[in-house]
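Since the structure comes first, as structure tokens, the remarks are kept for the end.
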Amino acid sequence: MEEKNWIRGPIIGRGSTATVSLAITNSGEFFAVKSAEFSSSEFLQREQKILSNLSSPYIVQYIGSGLTIENDKSMYNILMEYVSGGSIHDLIKHSGGNLPEPAIRSYTRQILKGLTYLHDRGIVHCDVKSQNVMIGGEIAKIGDLGCAKTVEENVNLEFSGTPAFMSPEVARGEEQSFPADVWALGCTVIEMATGLSPWPELNDVVAAIYKIGFTGESPEIPECLSEKGKDFLKNCLRKDPKQRWVVEELLQHPFLDEEDDEEESQIHDCLNSSSPSTVLDQGFWDSCETSKSRLIQEDQEDPFANSSIFLPSDRIMKLAGDEPEWVTTEDGGWIEVREIEKRNEEEDEDANYVEATG
Ligand SMILES: Nc1ncnc2c1ncn2[C@@H]1O[C@H](COP(=O)(O)OP(=O)(O)OP(=O)(O)O)[C@@H](O)[C@H]1O
């Protein structure tokens, strides 16, 4: 039996499905570990299945997975590279509420490279947003593949992602495929340019889904962007998913020309009187994973049951969740964990058992 010890450090992030801690191996290498109690680790295990097959500088790198026993609880863990620069969401907050255009251009190019890598492998990320893009050195890395699915899985009519970033076709309950990621990328560009939600006037998930899916309206294109930036965004936010540009086309858009990176920022003050952090932190920006077919069956009395809106109102409100916490250090200590059993990976890819020893 091979022993592998590592030490769990402070919590560095908390999402709706898991907690992320800093960790260190006995040889002194830092990594991040995303954990959930085994009994509620279904989404984490799904994420592991997808992440473990990926290797790209633009996607957070998977290291391994395993079970630990900590405080008498069985924990499922995904070990991955530690991305030290925080998320683009954090960066927006710490940069006074928006980013200069050269930074937007550079991060957008890198997110697109990450999306190209995923889409080429038939994977839809389903939850692109500034919160899920982390910065490691100079590189933006897409993380949180907890909502990701392969295109074949779309036949299950599952919705996953963040309501405010839903594309019109997804809000209407149609297919959630590659164009939905492109729409969410457009929303992420708006976040970077303005520090605001693509729909800043909305703070209610039901209203957001109605507006996105059924009114024919599009998010406002920020005035502060250059003409190239505006055109890029319009092609991300085309309402018809068939007309929306695909990632390879967007990578060729003049907005992303490398030489423009050196130009002085053309961004003007995009901030308005509302506090960007307040809007960014609204709960309805949280991710959710759910099955619309299951919800429809369970909620026949729902007022939306006879419309194309697939998320019953009471469930939608649950999706709003609590205000997200960005960085928590409630468990500031370091706990050593020890692998006590390692199964043959061919028997069970997920099962590297480790146990807390301190
Ligand atoms: N590899 C990493 N390196 C550094 N920080 C990370 C890493 N992975 C995640 N984090 C931090 O933890 C936070 C939560 O991670 P993540 O988004 O993967 O969790 P989640 O439960 O899937 O969240 P969500 O509610 O968006 O589904 C991130 O916003 C980020 O701040």
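Counting starts at 1 for both ligands and their atoms, following the listed order.
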For this session: Specify whether Phe232 and His253 have parallel, tilted or perpendicular ring planes, treating 30° as the upper limit for parallel and 60° as the lower limit for perpendicular.
Result: perpendicular
Exercise. Quick one: are Asp120 and Val247 in side-chain contact, heavy atoms under 4.5 Å?
Worked result: no
Exercise. Looking at ligand 1, does any of its N/O atoms fall within less than 3.5 Å of an N/O of Asp144?
Worked result: yes
Exercise. Between Ala32 and ligand 1, which part of the residue brings a heavy atom under 4.0 Å of the ligand: side chain, backbone, both or neither?
Worked result: side chain
Seminar exercise, completed: The answer for which part of Asp90 has a heavy atom under 4.0 Å from ligand 1 is neither
For this session: Only counting residues at least two apart or in another chain, list the ones meeting ring pair (Phe, Tyr, Trp, His ring centres under 6.0 Å) with Phe31.
Result: Trp6
For this session: Take Glu169 and Arg244 through the salt bridge (Lys or Arg N to Asp or Glu O under 4.0 Å) test and state the conclusion after the steps.
Result: CA-CA 12 Å; Glu169 72 276 11; Arg244 209 170 297 149; 2.9 Å; yes
Exercise. Do Val133 and Ile135 share a hydrophobic cluster (ILVMFWY, side-chain heavy atoms under 4.5 Å, transitive)?
Worked result: yes
Problem set entry | For Gln131, atoms of ligand 1 separated by under 4.0 Å from a heavy atom | 29 (O)
Seminar exercise, completed: Under 4.0 Å from one or more heavy atoms of Val60, ligand 1 contributes atoms 1 (N)
For this session: Please say whether Lys34 places an N or O atom under 3.5 Å from an N or O atom belonging to ligand 1.
Result: yes
Problem set entry | Arg105 to Tyr107 six-membered ring, cation-pi geometry met (6.0 Å, 45°) | no
Exercise. N/O of Met80 under 3.5 Å from N/O of ligand 1, yes or no?
Worked result: no
Exercise. Which of the atoms of ligand 1 are close to Asn132, meaning less than 4.0 Å from one of its heavy atoms?
Worked result: 17 (O), 26 (O)
Exercise. Quick check: does Glu81 get an N/O under 3.5 Å from an N/O on ligand 1?
Worked result: yes
Problem set entry | Close approach of Ala18 to ligand 1, heavy atoms, under 4.0 angstrom | yes
For this session: Answer yes or no: does an N/O atom from Thr17 fall short of 3.5 Å to an N/O atom of ligand 1?
Result: yes
Exercise. Are Tyr58 and Val189 grouped together when hydrophobic residues (ILVMFWY) are joined by side-chain heavy atoms under 4.5 angstrom apart?
Worked result: no
